[in-house]
Amino acid sequence: MQKRYGRITGWGAYTPSKVVTNHDLEQALDTSHEWIVQRTGICARHVAAPGETTATMSTEAGRRALAKADLDAADLDLIIVATSTPDHLTPPVSSQVQHALGAANVPAFVLVTGCTGFMYALATAQQFIAGGMYQRILIIGAELLSRHIDWTDRATCVLFGDAAGAVVMEATAVPCGVFGFDLGSDGSGAAHIIAPAAGTAEPVSATTFAEGRQFIRMNGREVFKFATRVIGRSCQASLTQAELSLDEVDWIIPHQANLRIIQSAAKSMKVPLDRFYINLEKYANTSAASIPLALCEGLDSGVIQPTDTLLLVSFGAGLTWASAVLQMEPVAAKLMSRLTAVNGVNGQYKNGVKTAVPL
Ligand code: UT7
């Protein structure tokens, strides 16, 4: 069988319109804008309005990604929704999204690995395409954490935001897409990010409810140490698989949890901080949505070019980690854009492909 690659042909994100700033939180909590910025880099977060759910946010992000890819929902072969905050325990939120998009009978499933969910979904989609099973896959990372945090717990509620981000991956014979990935899990750290009574282990009761055990609790310091340990290691594993060096990467898109974690990773990887794409100041930690949200923002603003070589890296509940080397445009387009830069020829995009035009 001819080798098949998964090309990202569309992307789209959704954030709720309501913004809660650190100053807003100061009014209700024993915290300060200065503490939050100094310890995390976060200034604001978007919070879903009543009526907005993980399904509605996912559907909107999915619609936008499909429009960019110029595809109808009915053209899809698979939908993956990465989230830890589905609308209901059952039905799977992926089927709600599939129905709302109008993707009649298209298979859909939920993938739950905490903040790394989108990355696990990206790797899964790439394997379905490489194996020849599917041609067009919608991958969504979505999280509505504002309904799973205790708004009186300053150690967690200042950290999270709501959002959804999506990409469309399509099969092609031209080399591009995910060239290497690394996935990992260490369940010995499970207790470091946990909602103790939000599953079968502790059925909801008056006691669990009174103690707020349905909310997410986090041992921030342990997660911090874990993140700084795994980011560099995982990035190196993906780069090795892709047969690339860090110098060949244009942008590192890290999970947007904490600026200090990113600074520490930059230092240990010996990469200047300005090669990390960072937008956590506006959105806080949106868990499984954080990487697609950053990717979409970077592409839409033109800061990230589709010809750029990207290194995506995430970590979170489980504990889990994941990274991937992503080349959205076919490698030939990247080489051509480098050549045109050298030869003083402008590039222009047609149907997402960079073509050279004389000056
Ligand atoms: O997606 C993956 C999920 N999670 C993460 O990536 C989180 C990783 N960890 C972190 O980002 C950091 O550990 C935090 C931002 C959560 C906390 O920063 P820290 O520097 O590790 O602070 P800390 O937990 O050691 O707390 C220091 C102090 C404590 O006071 P005492 O005991 O020293 O008097 C806290 O009670 O800061 C206090 N504190 C706060 N003060 C003002 C904790 N939260 C707040 C707050 N405002 N919001």
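In each ligand, atom 1 is the first atom listed, and ligand 1 is the first ligand listed.
- Ligand 1 does not have Ser287 within reach: every non-hydrogen atom of the residue lies 4.0 Å or more from it.
- Remark: ligand 1 atoms within the under-4.0 Å shell around heavy atoms of His255 are 1 (O), 2 (C).
- In terms of modelled atom types and a separation under 3.5 Å, the side chain of Thr59 and the main chain of Ala100 share no donor-acceptor contact.
- Inspection of the Glu143 and Thr286 side chains reveals no N or O donor paired with an N or O acceptor under 3.5 Å.
- For the residue pair His23/Glu26, the side-chain donor-acceptor check at 3.5 Å is satisfied.
- For atom 39 (N) of ligand 1, the closest non-hydrogen atom of the protein is Trp35 CZ2, 3.4 Å.
- Nearest non-hydrogen protein atom to atom 9 (N) of ligand 1 is Gly220 O, 2.9 Å.
- Proximity of Thr31 to ligand 1, defined as any heavy-atom pair under 4.0 Å, is shared by backbone and side chain alike.
- Residue Arg39 holds the heavy atom nearest to atom 26 (O) of ligand 1 of all those in Gln256, Met218, His192, Arg39.
- With ligand atoms numbered from 1 in the order given, ligand 1 contributes 2 (C), 6 (O) to contacts under 4.0 Å with heavy atoms of Phe315.
- Looking at heavy atoms from C-beta onward, Tyr5 lies out of side-chain contact with Val174 at the 4.5 angstrom threshold.
- Within 4.0 Å of atom 31 (P) of ligand 1, not a single protein heavy atom is present.
- Considering only non-hydrogen atoms, atom 11 (O) of ligand 1 lies nearest to Asn258 out of Thr320, Asn285, Asn258.
- Under a 4.0 Å criterion applied to the non-hydrogen atoms of Val158, ligand 1 contributes the atoms 48 (N).
- Looking from atom 38 (C) of ligand 1 to the surrounding protein, the closest heavy atom is Arg154 NH2, 3.6 Å.
- With sequence neighbours left out, Ala257 forms a side-chain contact (heavy atoms from CB on, under 4.5 Å) with His255, Asn285, Phe315.
- Looking at Ser264 and Thr228, their side chains never bring a donor and an acceptor atom within 3.5 Å of each other.
- With distances taken over non-hydrogen atoms, the option nearest atom 18 (O) of ligand 1 out of Gln38, Arg260, Arg221 is Arg260.
- Near Ala155, meaning under 4.0 Å from one of its heavy atoms, ligand 1 places the atoms 44 (N).
- A donor-acceptor distance shorter than 3.5 angstrom exists from the side chain of His46 to the backbone of Pro16, with no hydrogens or angles considered.
- Donor-acceptor pairing under 3.5 Å is lacking for the side chains of Thr208 and Glu202.
- With Gln38 contributing its side chain and Ile36 its backbone, the two residues share no donor-acceptor pair below 3.5 Å.
- Proximity of Val249 to Arg275: side-chain heavy atoms (C-beta onward) are separated by under 4.5 Å at one or more points.
- Neither the backbone nor the side chain of Leu29 comes within 4.0 Å of ligand 1, counting heavy atoms alone.
- Per-atom contact check: atom 15 (C) of ligand 1 touches the protein, criterion being a heavy-atom distance below 4.0 Å.
- Side chains of Asp250 and Thr307 form no contact here, defined as non-hydrogen atoms less than 4.5 Å apart.
- Residue pairs meeting the side chain to side chain donor-acceptor pair (under 3.5 Å) criterion with at least one partner in residues 11-21, sequence neighbours excluded, are Trp11-Asp300, Tyr14-Glu52, Thr21-Asp24.
- Inside a 4.0 Å radius of atom 36 (O) of ligand 1 there is at least one protein heavy atom.
- At least one heavy atom of Ile261 sits under 4.0 Å from some atom of ligand 1.
- The distance from ligand 1 to the heavy atoms of Thr40 drops below 4.0 Å at these ligand atoms: 15 (C).
- Summary of contacts: the protein heavy atom closest to atom 5 (C) of ligand 1 is Val223 CG1, 3.6 Å.
- In terms of protein heavy atoms, atom 6 (O) of ligand 1 is closest to Ala257 CB, 3.3 Å.
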